[in-house]
S.K.: 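Structure below; questions to follow.
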Amino acid sequence: MLTIDARDRIMVALDCDRSEALALGDALSGHARWVKIGMTLFYAEGPQIVRAFKERGFKVFLDLKLHDIPHQVRGAAKSAALAGADLMTVHGLGSSAMLAAARAGVEDAAPELGYRPQLIAVTVLTSMDPSALAEIGVSRSIPEEAAALAKLAQNAGCDGIVCSPQEASEMRALLGEDALIVTPGVRPAGAALGDQSRVATPASAVASGASHLVVGRPITQAQDPVEAFEAIVAELEQES
Ligand code: C5P
């Protein structure tokens, strides 16, 4: 199993506007090491929002879920890497050719960067239920489909996957001890669930096999985001 410092496991999801995101970044500087930037913030602000967090010393998980023809995805992965993304998502449904193109894109950027950013695949979106899968012609069950796409992604050169904490142990067994397994839907005991239903505590997500935890509102909407972040660190350190 990967040995990871608790502070390196927590990715703070900044699902807000630029000024709020930067204020949170300033508050969490010296505490959090990772931020997650999603489509809403990225499409509003562009690559410079990634650079703004890199300049503040954060690692950036850029969650754009790339899904296009291989040529386009290769270029997008390279551009995201050069913008400063340390980790990015690609859609598992794009086929092994597209997943391999994403890997080639981050490799293309590596000589200029001096490191290779990591790549993880999204399998089945948690917003999809069996009828949504049937609608797009998928007859496998959700767990079967997620496992098949996870293995496809790994074989095509992805470093890991995103999944719910409930699937983490199965994915860990499937993908091996070195894979990145990033889980959203993490809620410290007593935190508001918001719109998340299948949740786990930080410690139990890690115990199930998660390497990294995406935590948004329990930190960003806390009265004291630093205190909320540090409480999660303490929980993880206590369990390790
Ligand atoms: O605020 P909260 O902790 O629920 O934020 C979770 C983050 O993880 C959000 O950025 C959300 O878009 C993302 N996410 C998720 N469920 C998934 C994939 C990503 O909640 N299946």
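Both counts, for ligands and for their atoms, begin at 1 and track the order of listing.
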S.K.: Out of Ser127, Gly194, Gly216, who is nearest to atom 3 (O) of ligand 1 when you count heavy atoms only?
M.R.: Gly216
S.K.: Which protein heavy atom lies closest to atom 20 (O) of ligand 1, and at what distance to 0.1 Å?
M.R.: Gln196 NE2, 2.7 Å
S.K.: Heavy-atom distances under 4.0 Å decide this one: backbone, side chain, both or neither, for Arg217 against ligand 1?
M.R.: both
S.K.: Who gets closest to atom 9 (C) of ligand 1 by heavy atom: Asp15, Val199, Leu193?
M.R.: Asp15
S.K.: Got Arg187 and Arg217 here, is their nearest side-chain heavy-atom distance under 4.5 Å?
M.R.: yes
S.K.: In plain terms, say whether Arg51 and Glu55 are close enough for a salt bridge, that is, a side-chain N and a carboxylate O under 4.0 Å apart.
M.R.: no
S.K.: Suppose we measure from atom 12 (O) of ligand 1 to each protein heavy atom; which comes out shortest, and what is that distance?
M.R.: Lys36 NZ, 4.1 Å
S.K.: Once you restrict to heavy atoms under 4.0 Å, what part of Pro218 touches ligand 1? Side chain, backbone, both or neither.
M.R.: side chain
S.K.: Does any N or O in the side chain of Glu235 come within less than 3.5 Å of the main-chain N or O of Ala203, such that one atom is a donor and the other an acceptor?
M.R.: yes
S.K.: In this structure, which one of Lys59, His212, Arg33 forms a side-chain hydrogen bond (donor to acceptor under 3.5 Å, both in side chains) with Asp8?
M.R.: Arg33
S.K.: Can you check whether Leu87 reaches Trp34 side chain to side chain, under 4.5 Å on heavy atoms?
M.R.: yes
S.K.: Could you tell me, atom by atom, which parts of ligand 1 come under 4.0 Å of a heavy atom of Ala13?
M.R.: 7 (C), 10 (O)
S.K.: For atom 16 (N) of ligand 1, what is the closest protein heavy atom, and at what distance to 0.1 Å?
M.R.: Pro184 CG, 3.5 Å
S.K.: At less than 4.0 angstrom from any non-hydrogen atom of Arg187, what atoms of ligand 1 do you find?
M.R.: 1 (O), 2 (P), 3 (O), 4 (O)
S.K.: Evaluate Asp63 for polar contact with ligand 1, using N/O atom pairs at a separation under 3.5 Å.
M.R.: no
S.K.: Keeping the roles fixed (side chain from Thr89, backbone from Lys65), state whether a donor-acceptor pair exists under 3.5 Å.
M.R.: yes
S.K.: Are the side chain of Arg9 and the backbone N or O of Leu213 linked by a donor-acceptor pair below 3.5 Å?
M.R.: no
S.K.: Any non-hydrogen atom of Val214 lying under 4.0 Å from ligand 1?
M.R.: yes
S.K.: Glu144 side chain to Ser141 main-chain N or O, any donor-acceptor pair under 3.5 Å?
M.R.: yes
S.K.: Show which atoms of ligand 1 fall inside a sub-4.0 Å distance from at least one heavy-atom site of Thr126.
M.R.: 16 (N), 17 (C), 21 (N)
